[in-house]
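By convention in this document, chain letters (A, B, ...) are assigned in the order of the sequence lines, proteins followed by strands, and residues within each chain are numbered from 1. Note that the coordinates shown come from a computational prediction; the quantities given were computed from them, not determined experimentally.
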Number of protein chains: 2
Amino acid sequence: MNIADIAKIAGVAKSTVSRYLNGGSIGEATRKKIESVIKETGYSPNKFAQSLKAKRTNMIGTIVPRLDSYATSQTLIGIDKQLLDMNFQLVISNTSQSLDREIEYIYSLAKQKVDGIILMATEITDSHLEAFEAVKIPIMLVGQQHDQYHSLIHDDFEASYELGKNVLKKGHRKIAYLGVSEKDIAVGIKRKEGFRKAVSEQPGCEVAFFETSFKIEDAIKKVPEIIEEYHPSLIFCATDNIALGALKAANMRGLSVPRDLSITGFGGYDITKITYPGITTAKFHYKEAGKISAKNMVQLINGEQLSKITLSTYKIIERESVDKLID
Amino acid sequence: MNIADIAKIAGVAKSTVSRYLNGGSIGEATRKKIESVIKETGYSPNKFAQSLKAKRTNMIGTIVPRLDSYATSQTLIGIDKQLLDMNFQLVISNTSQSLDREIEYIYSLAKQKVDGIILMATEITDSHLEAFEAVKIPIMLVGQQHDQYHSLIHDDFEASYELGKNVLKKGHRKIAYLGVSEKDIAVGIKRKEGFRKAVSEQPGCEVAFFETSFKIEDAIKKVPEIIEEYHPSLIFCATDNIALGALKAANMRGLSVPRDLSITGFGGYDITKITYPGITTAKFHYKEAGKISAKNMVQLINGEQLSKITLSTYKIIERESVDKLID
DNA sequence: CTGAAAGCGCTTACAG
DNA sequence: CTGAAAGCGCTTACAG
């Protein structure tokens, strides 16, 4: 059943059916005839033939570093929902944390003629820029920013600054900051800087900086060293996963959180309210951010104006993992 | 840059280039010529034109009930990885737990000409069967089974039976089983039945059955009632999420796990080893299951033989959430 | 408002 | 082994 069949049955030309399908001007009588034929036959146009001519696929590619992370899932859910509403389809490409595959996927999505690419970025290298340049389709960065491209970022600096002030206000003065590599601008640098600003405004504060990976296991191993070396009253973790590791490590040493050690996370993963104690954290609105980035992407595709940077909001969530040392 | 350009530059016919691309028989000299031209020009064939003729897209659709679940993510990662190796592309459709949308996606993926559909099923209704029938492409069920269709299932019954025996051996005799709706055959019925078999083999055992949803929050609310009503020594939870809720609820009541209350989970989510105490659970190998289902799907597409049911393995993981009452 | 024709970029018998 | 031609199912000027 193709457009020719429908045309024949309806007694019109193929081009007329095509016009009907694409919202061209049609006489009332023919419109009704075609409409009923399509309904009866259950006809639906072949996407490949459409795309072959029209050069527009109504598909958006999203490249993610991993599928098994709260931030990724939530963002994807938001993108997917928004795209569905706007009549676009989401194509997900998972790189399993390989930067090389990230580059490959930029090219292969372009080859697949997606109308745009949303990249949940961790790092923007020269190869990325080269690929962006080469594919000539709209690119939207999520989670990291770059002067040349449109991006949606979380307010890592402000969130960290505010969370930092929050724990200082509770009286913590000897704090271990447990962060990640500075290759990651957003998580590695911005969060650290926001925290640093908070402590710089608080006299009599002592801080030590440590580094670990994004893996919970590595945090579990790292935290005991920090405790022994530095004896902080609070560990300020750059991600919720790191905080989860810190909590586990503390529990395993028989330390009671927050009485013996306070912990904060970052991200606002659902699991932070399920642990015991619940973890104080800066919550990002990933699902919402996904929706916005999808909206932005479609604006880009339609050639509309869009500011280079969109800032997503955050919220500090106080739970039980931080002890109040003073009042 | 299309196949005609390549043909012209190489001084051969389009059909010859096409044959080169698709592994037909080609003279050594022409092969080299075409090869070098393609390399120089960076040509790559238009997917839509290919699919329009060839009727094969090398795409597999996977329908998932949600994106934010450990089981889903892991399974998808496995499917994706395996498909990549076999030169297929994965298209993910997320239904956000809507059965209606599940049906819709079966049709729309078929319209998109995916070569097969992997359905991470929760429930198989008549509409599903109707859709399977209508689309006429290979269907592979994951997580649930149906006589008429190929499926990959986890060994819910045996896993539950073995986990049940395990906790009975530790001396638990008054147990609350906290399950989910029987609409879900695998999780709602099979796990319950496996557990039931274990207790039926243990004289002097008292058991009460309760039901909740898949949501952690609901378990948190439900568990206190169970404790007050029934005072079990152990709560046998049908999923890890439910166990997580039970653990939180117990902690919130000031109960120490496992001293005051033992808890078991089901699924083997990573988070169960991060909680304190770690949760005893039956671990399913989701990633592996994803790989296998992808392999099976490709076999189906190639018209190869495949048994209706493939059983994925499990492993009982003992951690600290279960107290040893006797030795 | 409607139709005939060309063309999008491939693949696939068919002939040689 | 290679080529000319038809066709996959649409869309899009162009005419009327």
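At C/dG3, none of the side-chain N or O atoms of A/Tyr20 fall inside 4.0 Å of OP1 or OP2 (strictly under the cut-off). Residue B/Thr16 has no polar side-chain atom (N or O) positioned under 4.0 Å from OP1 or OP2 of D/dT2. Contact annotation: A/Asn2 side-chain N/O to D/dG9 OP1/OP2 distance is under 4.0 Å. Within the structure, every side-chain polar atom (N or O) of A/Gln50 is placed at least 4.0 Å from both OP1 and OP2 of D/dG9. For the OP1/OP2 pair of C/dT2 and a distance below 4.0 Å, the side-chain nitrogens and oxygens of A/Thr30 include at least one atom meeting the criterion. Phosphate contact (OP1/OP2 of C/dG3, side-chain N/O of A/Ser15, threshold under 4.0 Å): absent.
Applying the ring pair (Phe, Tyr, Trp, His ring centres under 6.0 Å) test to residues at least two apart or on different chains, the pairs with a partner in residues 107-141 of chain A are A/Phe132-A/Tyr149.
The two residues B/Tyr105 and B/Asn94 have their closest heavy-atom pair at CE1-O, 3.4 Å. Heavy-atom minimum distance, B/Thr57 versus B/Lys113: OG1-O, 2.7 Å. In this structure, A/Met140 and A/Ser151 approach most closely via the heavy-atom pair CE-C, 3.6 Å.
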Dot-bracket assigned to DNA chain D with the 3.5 Å Watson-Crick/G-U criterion, [ ] for crossing and | for other-strand pairs, is |||.||||||||.|||
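Minimum atom distance to the side chain of A/Leu52 is reached by C/dC8, of the listed D/dC8, C/dC8, D/dG3. Closest to the side chain of B/Ser25, from the set D/dC1, C/dT11, D/dG9, is D/dC1. Of the candidate nucleotides C/dT12, D/dT2, C/dC1, C/dT12 has the atom lying nearest to any side-chain atom of B/Ser18.
Put simply, CD1 on A/Ile6 is 12 Å from P on D/dG9, counting in whole angstrom units. Put simply, NZ on B/Lys53 is 16 Å from P on C/dC8, counting in whole angstrom units. Rounding to whole angstrom units, CG of residue B/Asn46 and C1' of C/dG9 are separated by 6 Å. Note: NZ (A/Lys14) to P (D/dG7) measures 12 Å, nearest angstrom. Going from atom CD1 of B/Ile34 over to atom P of D/dC1 covers 12 Å, rounded to whole Å. The CD1 atom of B/Ile3 sits 8 Å away from the C1' atom of C/dT11 (whole-angstrom rounding).
The closest side-chain heavy-atom distance from A/Thr122 to A/Leu99 is below 4.5 Å. Counting heavy atoms from C-beta outward, B/Arg101 and B/Ser96 have side chains that approach closer than 4.5 Å. Residues A/Leu67 and A/Ile92 form a side-chain contact, since some pair of their non-hydrogen atoms from C-beta on lies under 4.5 Å apart.
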N/O to N/O distances under 3.5 Å, protein versus nucleotides 14-16 of chain D:
none

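With 3.5 Å as the limit, one finds no donor-acceptor pair spanning the side chains of A/Asp270 and A/Gln74.
Within 6.0 Å of atom NZ in B/Lys33, more than 12 heavy atoms from other residues, nucleotides or ligands are found, so the atom counts as buried in its surroundings.
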